[in-house]
Student: 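Got a structure here, written out as structure tokens. Questions coming.
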Amino acid sequence: MTTAVIRRLGVGLLTLWVVSVLVFLIIHNLPGDPISVLLRQYATPETRAALEALWGLDKPLTEQYLAWLGNLLTGDFGVSISSNLPVGQILAERLPRTLLLMTGGLLLALLVAIPGGMLAASRRGSAVDHGLTTGSLVLQAQPEFWIGSLLVLTFGVTLAWFPTSGYVDLADDPVGWLRHSVMPMLTIAVVTTGLLLRTVRASMLTELQQDHILLARSNGVRPWRVIGWHAGRNAVAPTLTVVGLQVGILMSGAVITERVFGYPGMGLTLVNALISRDYPVVQSGILVFAALFIVTNTVVDVVSMWLDPRTRATLQGAR
Amino acid sequence: MSALPRRQFLTLAAGGTGAAALAGLLAACGGSGSGTQPTTSGSAATDDAAGPTVITIGNSEGDPANLDTGMQNTFANLSTVGSACHAYLLYLTADGALEGDLATGYEAESETRIRFDLREGVTFHNGRAMTAQDVVDSFERLMDPESGSPYAALLTPIDSIEVLDDLTVAFNLSQPYAPLTALCSQIPIIPIETADQQATAPVGAGPFTFEAWEQDNFMAFTRFEDYYDASFPKVDEIRFLPRGDATALRSGFQSGESSAIAGFAWPEMESLASLEGATVGTSYINGFNYISFNCRVAPFDDVRVRKAFSLALDRTLMATAENGPDAEPAHVLIAATSPYFPADLTAPFDPTEARALLDEAGIPEGFEVEALIPDLPLLRPLEPVWQSLMADVGITLNTRLLPPADYVARVFTNFEFSVGIAGDSSAPDPALFLDRYLMTDGASNHMGYSNGELDEILAAASATFDEAERTDLYHRAMEIVLEEAPIMPFIQIPVNTAVYPEAAGFTVRPNYLFEVRGAGS
């Protein structure tokens, strides 16, 4: 298993390098540049040349890339063109907020999806099953901005239970933080729950037809134990894989959710950086998101192996 | 088939109820409609009699990336830091008049020398008294093209700035330059020792002192007790909430988190006006949304084709599409509030004449052309209206919405366009817009338009302080532009505002600085 993990990490590093090249090339080849955005219609050749020299944009692309990569390897993410702030500082401030948002949303989704999926599978074909599967389909079809706007109008404007937008730091005011985070988390949870619930249901249905389940039942094991332990444990592995893959979708969802709720996380930062062509922020931000995606999926794979003896056995056999 | 026992069901239901109860508890903890930061004291209103008065402004321009308004003069910057923290030599009022601010007055001693008399007893937020040397330092910081300041190109006619005494300063110009006074309402006067911190913690001499900034979340300022005019500001604290998303902007006002908002689309006006106590209005800034042509390429190198476009353009309809039935169309590139506004000049709407001109230009069957539009909420509704108007005279517009950065690069940097819609603004002197756009070597002349006579007229208008002479020169200039149509404005840029009584007096000035020192009941 250790070899498999090391192999996964190696592939992950290679993927990260490819991502760094692609992101660098794409952002530098987009129409527009930071100087055009900054000076707009006021650009003169002298000012443009001065700023290009200041930010190293007058150097060949290869040289710019190697300089950026070299700095990255020493932990230096560069300096934001727009704000003059170190990119590392921006990432350190914004990324945890987005991760908290995503984690909270995902946990809320799992809280509903796991029991919901188990319930639907255990009552296959019943009204409960139809209600849950149809409901999950409906949820899955809702875009984040729509759900977010509905929540804002209902709980922010009409009921005035929660602030409609903004952010309070967790360390400064935990209750305030939670009040500002509930609706963004719910938005993420709502759009994620549908897929997860259907995945849990499908995995459970497969598991419930296995011989060991029939054996457990014939031995008189209580129904809740059969579902929650014997079948549920094995059904978690495929769900975890989907959760890992969902991280990418959650990241893109966070971008929209943060904008709707004025939540100053990494998503909003990336959108603003992209609009202003702030190359160092976009490059480093996307690379960090890619790294997160790779690490999460590696962890998910490892946990899945640990949870499912069949996978573990296959890997041991392969070694 | 197995089933969950009833007991497990009840456990799940209890869990759900618990979650709902937690939500209710959280809501109760924060109280109804609380602010967005821990220290915000309530729903954008005055607190009890002993508490501080706070107003919050929701800003559709979002948050600036850098708070140095001298280095980045975006709307996001000017409307927040520029409005609250800084003071200027001159103050531009909401109705477009220039009044004394840090200067009590100015005088053109000759065509190339302007003297400013500074106000006595002005103190910066860092406690130091302002002197004439601060004016010199503040301008010189931005004049160097290598500084990267967008103002550098506009300040090139300044040869030197001379300190005459502690409270008098003179600008020596390389050529007569009338727009300097308008620029003086937008160049912040700062204590130069704070230049390096302006990007993150600005210091000025304005009505409010910078307090805190959390990017993309809020910006806070507190009353500057030593502000030179003791009757301002009206409130103790002002907060700006960046709300680039239309839903966030509107719902913030509806819930009472914002005392005022600026920059929403006109269809929202009716519903916002119906909120208790709210008043809505529109301010027009010193800038235009316009259609411009690439005069280097066919068919727009032919003045008859450009003129046909102009005749086919119903400016009233375009203005209405952008900002509702009350919107006034613009016909010339001079603001209606300017003393130089030529009220008698209008661009006619005559599709029949447009078709005749196309016939004369040898394209009676019309033509097809790609038209670029920056993908901005205010401009999006124009797409079908413009297409339909042009289709009436046989011109097929293949419109393309581009991200604003792409638009600037394609149109203003690389000149890769045929025709497009855009918007721009400037400090309130016609020269600051017209010279840039219409002079042959103007920094914003993306049209490739060149007219020697117009160059001479505009140069002469910039070089005289005589109002009557300038009025006449700009009248002639606008006649030429209407005749040759390299660029066609159709509306002065509107900014819609909604204000609750506690922020009464809040408005948007023509240079996109917010009126905040007089805001607050």
Student: Spell out, as yes or no, whether a donor-acceptor pair under 3.5 Å connects the side chain of B:N217 to the backbone of A:Y167.
Tutor: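 Present.
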Student: Out of curiosity, A:L153 CG to B:Q254 CD, how far, rounded to the nearest 0.5 Å?
Tutor: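 With rounding to 0.5 Å, CG (A:L153) is 6.5 Å from CD (B:Q254).
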Student: Would one find more than 12 heavy atoms of other residues, nucleotides or ligands at under 6.0 Å from atom CG of A:N29?
Tutor: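 For A:N29, atom CG is crowded (more than 12 foreign heavy atoms under 6.0 Å).
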Student: Under a 4.5 Å cutoff for heavy-atom pairs, which residue among A:E93, A:R222, A:R97, A:E46 has the most contacts with chain B?
Tutor: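 Top option by heavy-atom pairs under 4.5 Å: A:R97.
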Student: So does A:T269 get a backbone contact from the side chain of B:Q215, meaning a donor-acceptor N/O pair under 3.5 Å?
Tutor: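 The answer is no, because no donor-acceptor pair under 3.5 Å joins these two groups.
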Student: Where on A:N272 is there a heavy atom nearer than 4.5 Å to chain B: the side chain, the backbone, both, or neither?
Tutor: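 Contact with chain B involves the side chain of A:N272 alone.
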Student: Is the shortest heavy-atom distance from the side chain of B:N66 to the side chain of A:S82 under 4.5 Å?
Tutor: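 In short, these two side chains do not touch, never coming nearer than 4.5 Å.
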Student: Which bit of B:T200 comes within less than 4.5 Å of chain A, counting heavy atoms only: side chain, backbone, both or neither?
Tutor: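 Contact with chain A involves the side chain of B:T200 alone.
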Student: What residue, out of A:V152, A:V260, A:N84, has the most heavy-atom pairs lying under 4.5 Å from chain B?
Tutor: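 Highest number of pairs under 4.5 Å: A:V260.
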Student: How many angstroms lie between CG in B:D68 and OG in A:S83, if you round to the nearest 0.5 Å?
Tutor: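 It is 12.5 Å, given to the nearest 0.5 Å.
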Student: So for B:D63, is it side chain, backbone, both, or neither that comes closer than 4.5 Å to the heavy atoms of chain A?
Tutor: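 Looking at B:D63, nothing touches chain A.
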Student: Show the numbers, then the answer: is there a side-chain contact (heavy atoms from CB on, under 4.5 Å) between B:D216 and A:R94?
Tutor: CA-CA 10 Å; B:D216 296 329; A:R94 302 298 185 95; 3.1 Å; yes
Student: Using non-hydrogen atoms and a 4.5 Å limit, figure out which bit of A:L51 sits close to chain B: side chain, backbone, both or neither.
Tutor: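 Just its side chain gets close to chain B.
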Student: Within this structure, what is the CG-OG distance for the pair B:D406 and A:S36, rounded to the nearest 0.5 Å?
Tutor: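 The CG atom of B:D406 sits 10.0 Å away from the OG atom of A:S36.
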Student: We want to know whether B:E257 and A:T164 form a side-chain donor-acceptor pair, criterion being a heavy-atom distance below 3.5 angstrom.
Tutor: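 Per modelled atom types, B:E257 and A:T164 side chains form a pair under 3.5 Å.
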Student: Does A:R259 use its side chain to pair, donor to acceptor, with the backbone of B:G244 at less than 3.5 Å?
Tutor: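 The answer is yes, because a donor-acceptor pair under 3.5 Å joins these two groups.
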Student: Go through the atoms of A:L85 and report whether side chain, backbone, both or neither lie under 4.5 Å from a heavy atom of chain B.
Tutor: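 Answer is side chain: those atoms of A:L85 sit under 4.5 Å from chain B.
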Student: If we define contacts as heavy-atom pairs under 4.5 Å, which of B:T247, B:D424, B:L402 has the most with chain A?
Tutor: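 Looking at each option in turn, the highest pair count goes to B:D424.
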Student: Pick one of side chain, backbone, both or neither for B:Y407, based on which atoms fall under 4.5 Å of a heavy atom in chain A.
Tutor: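 When you check distances to chain A, no heavy atom of B:Y407 falls under 4.5 Å.
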Student: Taking all heavy atoms of B:G148 and all of A:T47, pick out the closest pair and write down the distance.
Tutor: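 Closest heavy-atom pair between B:G148 and A:T47: CA-CG2, 3.6 Å.
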Student: Which atoms form the tightest heavy-atom contact between A:G156 and B:S255, and what is the distance?
Tutor: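 Closest pair (atom of A:G156, atom of B:S255, distance): O-CB, 3.8 Å.
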Student: Quick check on A:I213 against chain B: is it the side chain, the backbone, both or neither that has a heavy atom closer than 4.5 Å?
Tutor: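 Contact with chain B is absent: no heavy atom of A:I213 under 4.5 Å.
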Student: Are more than 12 heavy atoms from other residues, nucleotides or ligands located less than 6.0 Å from atom CH2 of A:W177?
Tutor: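 Yes, because the 6.0 Å sphere around CH2 of A:W177 holds more than 12 heavy atoms from other groups.
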Student: Mind checking whether A:R48 and B:T413 have side chains closer than 4.5 Å, heavy atoms only?
Tutor: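 Yes, at least one pair of side-chain atoms sits under 4.5 Å.
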Student: What part of B:S425 gets within 4.5 angstrom of chain A, counting heavy atoms only: side chain, backbone, both, or neither?
Tutor: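 Backbone only.
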Student: Among B:L154, B:N73, B:L249, single out the residue with the greatest number of heavy-atom pairs under 4.5 Å to chain A.
Tutor: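 The residue among B:L154, B:N73, B:L249 with the greatest pair count is B:N73.
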Student: Does CG in B:D196 sit with more than 12 non-hydrogen atoms of other residues, nucleotides or ligands closer than 6.0 Å?
Tutor: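 Counting other residues, nucleotides and ligands, CG of B:D196 stays at 12 neighbours or fewer.
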Student: Would you say B:E146 and A:L54 make side-chain contact, with heavy atoms under 4.5 Å?
Tutor: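 Not touching, per the 4.5 Å side-chain cut-off.
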